[in-house]
Amino acid sequence: FTLGDATGATAQAYVPSAPSDDHRARLARKIVVMALGVACVASALAVAAPTLAPRLFTADPAVAGLMRAAAPAAGLGLLMHPVVVALEGCLLARNDLPWLVRNYLLTGLLSVGATLAIANAPTGFSLVHVWLYLAAYQLARCASFARRTFPWRGPPPPRTSRRRPRGAPEAGLPDDGRGGGED
């Protein structure tokens, strides 16, 4: 179900070309609001289709019952997906790659733990659990991405090296004017 994935690509394509940080912030907000509209449609379809027309997917009544039971959780998980993708696109547009990599590593590790917990749950493993897991995962990503994206702060500050540039005096020592050995 990829309805909404284009919102991230939209952010990556248009946010960087806006003329100022203020324009980029307004455009990012508009893209996230647009993604929320797409998310409402995706979520409604995710709930309505298996509930009202399960024969679109299966003729087996048992499978249709499982789909009906999981539909609300699927709708909840899919409600956040386009918003998450839009926020992620804004972060990519801002070139906030080091933060995103750390976030991906953290959420990836948490995902492995959550997957193991769900798979070994004493109450059993069900399709509803999978969709609730997706909803929780998307909620965590949505919260962290939104917190990082808004208020819009422009591109992240450049990383500073801890090494002394060649020819620069050591910290705390005055420059003797000789240039520090540049050849």
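None of these values were measured; they are calculated from a predicted model.
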Among Leu91, Val84, Val83, Val85, find the one that has a side chain to side chain contact (heavy atoms under 4.5 Å, CB included) with Leu87.
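Exactly one candidate clears the test, Val83.
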Quick one, Val128 and Trp131 - any side-chain contact, counting heavy atoms below 4.5 Å?
no
Could you check if a side-chain atom of Phe150 sits within less than 4.5 angstrom of a side-chain atom of Phe145, using non-hydrogen atoms only?
no
According to side-chain hydrogen bond (donor to acceptor under 3.5 Å, both in side chains), who are the partners of [X], at least two apart in sequence or on a separate chain?
X	answer
Tyr14	none
Ser144	Asn103
Ser20	His23
Gln12	none

Quick one: list whatever passes salt bridge (charged side-chain N to carboxylate O under 4.0 Å, His left out) with Arg26, sequence neighbours left out.
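Salt bridge (charged side-chain N to carboxylate O under 4.0 Å, His left out) check on Arg26 returns Asp22.
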Rounded to the nearest 0.5 Å, how far does CG of Leu139 lie from CG of Leu132?
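With rounding to 0.5 Å, CG (Leu132) is 12.0 Å from CG (Leu139).
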Taking atom CE of Met80 and atom CG of Leu78, what is their separation to the nearest 0.5 Å?
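Spacing of CE (Met80) from CG (Leu78) equals 9.0 Å.
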Report yes or no: do Trp99 and Tyr104 belong to one cluster of Ile/Leu/Val/Met/Phe/Trp/Tyr joined by side chain heavy-atom distances under 4.5 Å?
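Hydrophobic grouping puts Trp99 with Tyr104.
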Apart from Leu109 itself, which Ile, Leu, Val, Met, Phe, Trp or Tyr residues share its cluster (side-chain heavy atoms under 4.5 Å, direct or through members)?
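So far as hydrophobic clustering goes, Leu109 is joined with none.
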Under the salt bridge (charged side-chain N to carboxylate O under 4.0 Å, His left out) rule, what pairs show up with a residue in [range], not counting sequence neighbours?
range	result
residues 115-143	Glu88-Arg141
residues 117-139	none
residues 35-46	none

Residue pairs fulfilling side chain to side chain donor-acceptor pair (under 3.5 Å) with at least one residue in residues 105-120, sequence neighbours excluded
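Qualifying pairs, neighbours excluded: Ser111-Tyr133.
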With sequence neighbours left out, what residues match Val15 under side-chain contact (heavy atoms from CB on, under 4.5 Å)?
Ala11, Arg24, Leu27, Ile31, Ala93, Trp152
Is the backbone N or O of Pro82 less than 3.5 Å from a side-chain atom of Thr7, with the two atoms forming a donor-acceptor pair by type?
yes
Side chain Thr10, main chain Ala6, donor-acceptor under 3.5 Å
yes
Contacts under 3.5 angstrom, residues 49-73 side chains, donor-acceptor by atom type, not counting sequence neighbours:
from, atom 1, to, atom 2, distance (Å)
Thr51, OG1, Val47, O, 2.6
Thr58, OG1, Asp60, N, 3.0
Asp60, OD1, Ala62, N, 2.8

Begin from the C-alpha positions of Leu134 and His81 and carry the test side-chain contact (heavy atoms from CB on, under 4.5 Å) through to its verdict.
CA-CA 9 Å; Leu134 175 67; His81 177 73; over 6 Å; no
